[in-house]
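Below is one structure; the comments refer to it alone.
The basis for the numbers below is simple: all heavy atoms, side chains too, and nothing from hydrogens, waters or symmetry mates.
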Amino acid sequence: MNRRALAWASFDWANSAFPTVVSTFVIAAYFAQGVAPDPATGQAQWGWMQTIAALVIAVLSPLLGAVADRGGRRRALLAGTVLVTAGFTALVWFARPDPSWTLWLLVVVGIATIAFELGTVFYNSMLPEVAPPERMGRVSGLAWGLGYAGGLTCLAVALVALVQPNPAWFGLERAESEHVRATALLVAAWTLIFAWPVLLAVPDPPGPHARMGEAVAHCVAETRDLLRGLPRRPAMLRFLIARLFYTDGLNTLFAFGAIYAAGVHGMAFEEILLFGIAMNVTAGLGAAGFGLVEDRLGSKRTVMIALLAMIVLGSALLLTDSKVVFWGMAMALGAFMGPAQAASRTLMARMAPEDECAAHFGLFALSGRITGFLGPAVLAVVTTATDSQRAGMATVLVFLALGAAILATVKPVRG
């Protein structure tokens with residue numbers, strides 16, 4: 001891996017601290033249990049915040065992608081999103097464990113979430129600049145593996161240095177939850193410390209570029225034309241629709257896997273935390289491992305193998321009553337979660353026109369967000385109707401299967 005590719009991949013290490021610590025394990029739980037009036041209300045409020053953020057991301061991602069393509073300022077736009085993500089994440093520190101801080105925490109995390117997701121548009125669109133076509137899969141997979149490693153390392157530092165010590169280190173007041181709130185400062189610093197290599201090492205594409213004002217003025221029309229033109233590009237359209245379904249399945253699996261493990265197999269909080277960490281480890285190893293062979297297998301084939309494996313292993317997971325078997329199958333399933341995501345990124349990079357790469361990664365982000373509510377909603381409806389967690393989780397397999405079936409009809413072509 002050359003210097004530019006390594007600098008690019010290192011951004012995944014920097015960027016994964018936010019979803020791991022803030023969105024999933026620590027700050028989300030702190031909000032529901034320590035800031036919101038009660039956990040049920042907190043879960044609902046957090047869900048609405050994520051929904052609003054998803055809608056903003058869905059609208060802005062293709063537009064800002066078009067601006068990046070026309071204005072040629074991907075690094076500047078990426079730097080801006082990094083600063084906003086880190087800055088608003090740091091503001092979580094002020095959210096004391098009191099319901100009066102509910103709106104504050106929801107707003108700052110919501111803005112940080114939007115900036116984080118928009119940053120991935122500019123970052124992902126740099127992949128063709130750092131790797132030739134024959135090595136894109138290797139670079140993307142290894143970067144995704146670095147991302148899992150970075151998120152888990154930051155989480156481990158947060159738990160060992162901040163959350164678990166009692167009395168808390170650094171003079172933090174546990175009664176005011178400062179030991180938990182400080183994890184947001186850690187994430188902000190982590191992001192800023194490790195994000196800079198890609199900003200220095202990966203230049204913007206050469207050639208004449210429009211002034212930012214002109215780029216903004218044209219971006220709406222360009223995005224509209226891009227969306228209108230999708231029916232004339234059936235391979236791209238089917239890929240984006242396929243990704244919409246299987247990403248809904250993957251996101252639902254991430255969001256509800258721990259709840260299922262607790263309810264069906266009686267896992268306590270400590271075991272659930274270990275379970276989540278172990279799943280992320282296998283996902284990272286899987287992404288890195290498949291990255292080494294993806295360029296030979298092909299990006300589409302890699303995604304298909306990962307989806308089919310998850311459907312088979314997921315079916316076994318739903319049928320077993322043994323916790324030991326559940327752990328083993330879950331670890332095996334985790335090894336295919338990373339490759340499905342990493343190879344999808346590579347497939348988009350291979351299919352997108354070179355001069356519209358950022359705009360197409362805006363559509364890529366849109367396809368991963370626009371129906372983000374659908375998987376959890378279907379799971380909730382089926383679980384309520386059947387009074388069965390197994391039946392509810394089975395809906396994840398349906399989303400994965402729909403995505404795989406549509407993807408099977410895609411013939412990857414550029415442009």
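Heavy atoms from other residues, nucleotides or ligands lying under 6.0 Å from CE of M304 number more than 12. Within 6.0 Å of the CZ atom in R174, the count of heavy atoms belonging to other residues, nucleotides or ligands exceeds 12. For W101, the CH2 atom sits in a packed shell: over 12 heavy atoms of surrounding residues, nucleotides or ligands are nearer than 6.0 Å.
With hydrogens and angles disregarded, no donor-acceptor distance shorter than 3.5 Å links the side chain of S177 to the backbone of V180. The main-chain N or O of G151 is never found under 3.5 Å from a side-chain atom of S16 such that the two would form a donor-acceptor pair. Without hydrogens or angle criteria, T20 side chain to A17 main chain gives no donor-acceptor distance under 3.5 Å. A donor-acceptor pair is defined here as one N or O able to donate and one able to accept, closer than 3.5 Å; such a pair exists between the side chain of W8 and the backbone of Y123.
With a 4.5 Å cut-off on side-chain heavy atoms, M310 and L250 count as touching. Counting only heavy atoms from C-beta outward, the side chains of Y30 and T183 never approach each other to under 4.5 Å. Counting heavy atoms from C-beta on, the side chains of L318 and L397 come closer than 4.5 Å. Using a 4.5 Å heavy-atom cutoff, the side chains of K411 and K300 are not in contact. Residues V82 and L192 meet the side-chain proximity criterion, which asks for heavy atoms closer than 4.5 Å. Within the 4.5 Å cutoff, the side chain of V303 has heavy atoms near those of the Y246 side chain. With a 4.5 Å cut-off on side-chain heavy atoms, F239 and L407 count as touching. The closest side-chain heavy-atom distance from W190 to T153 is below 4.5 Å.
F122 contributes atom CZ, which lies 4.5 Å from atom CG of L77 (distance to the nearest 0.5 angstrom). With values rounded to the nearest 0.5 angstrom, L333 atom CG is found 10.0 Å from S315 atom OG. To the nearest 0.5 Å, the span separating CH2 on W169 from CG on L162 amounts to 8.5 Å. Here I311 contributes atom CD1 and F336 contributes atom CZ; the two are 12.0 Å apart, rounded to the nearest 0.5 Å. Taken from CG in L146 to CG in L6, the straight-line distance is 8.0 Å, to the nearest 0.5 Å. We find the CE-OG1 distance between M337 and T282 to be 8.0 Å, quoted to the nearest 0.5 Å.
Residues forming a side chain to side chain donor-acceptor pair (under 3.5 Å) with S299 (at least two apart in sequence, or on another chain): E294, R350. Under the side-chain contact (heavy atoms from CB on, under 4.5 Å) criterion, A391 pairs with V382, T386, S388, not counting sequence neighbours. Taking E173 as the reference, nothing meets the salt bridge (Lys or Arg N to Asp or Glu O under 4.0 Å) condition, with sequence neighbours excluded.
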Exercise for the section: Quick one: do W93 and E178 satisfy side-chain contact (heavy atoms from CB on, under 4.5 Å)? Show the steps, please. Expected result: CA-CA 8 Å; W93 164 257; E178 289 183 351; 3.8 Å; yes

Exercise for the section: Take L317 and F326 through the test side-chain contact (heavy atoms from CB on, under 4.5 Å) and record every step on the way to the result. Expected result: CA-CA 6 Å; L317 278 170; F326 177 82; 3.4 Å; yes

Problem - Trace of the side-chain contact (heavy atoms from CB on, under 4.5 Å) decision for N124 with M348 - result: CA-CA 9 Å; N124 288 338; M348 172 55 81; over 6 Å; no

Exercise for the section: Verify side-chain contact (heavy atoms from CB on, under 4.5 Å) between V107 and F88, making sure each step is shown before the conclusion. Expected result: CA-CA 9 Å; V107 169; F88 278 87; 5.7 Å; no

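Ring geometry, F194 versus W13: the interplanar angle exceeds 60°, so the pair is classed perpendicular (tilted spans 30 to 60°).
A7 and P197 get closest at one heavy-atom pair: CB-O, 3.7 Å. Here the closest non-hydrogen pair linking T81 and A115 is CB-O, 3.4 Å. Of all heavy-atom pairs between A287 and P339, the closest is N-CD, 3.6 Å. Listed here is the closest heavy atom pair of P165 and V160: CG-O, 3.1 Å. Taking each heavy atom of R181 and P97 in turn, the nearest pair found is NH1-CD, 4.2 Å. A36 and T102 make their closest contact through CA-OG1, 4.0 Å (heavy atoms, listed as atom of the first residue, atom of the second, distance).
Each of V92, T85, V109 was checked for a side-chain contact (heavy atoms from CB on, under 4.5 Å) with V22, and the lone residue meeting it is V109. Remark: of the listed residues T113, L60, L78, L60 is the sole one forming a side-chain contact (heavy atoms from CB on, under 4.5 Å) with L118. Checking V187, T89, L159, L152 one by one against V21, the side-chain contact (heavy atoms from CB on, under 4.5 Å) holds for a single residue, V187.
Here salt bridge (charged side-chain N to carboxylate O under 4.0 Å, His left out) pairs that include residues 332-347, with residues two or more places apart or in two chains, are D12-R345. Applying the salt bridge (charged side-chain N to carboxylate O under 4.0 Å, His left out) test to pairs two or more places apart or on separate chains, those with a residue in residues 383-398 are D321-R390. Applying the salt bridge (charged side-chain N to carboxylate O under 4.0 Å, His left out) rule to pairs touching residues 93-102 yields R96-E176, sequence neighbours excluded.
Side-chain contact annotation: R243 with S344, donor-acceptor N/O pair under 3.5 Å absent.
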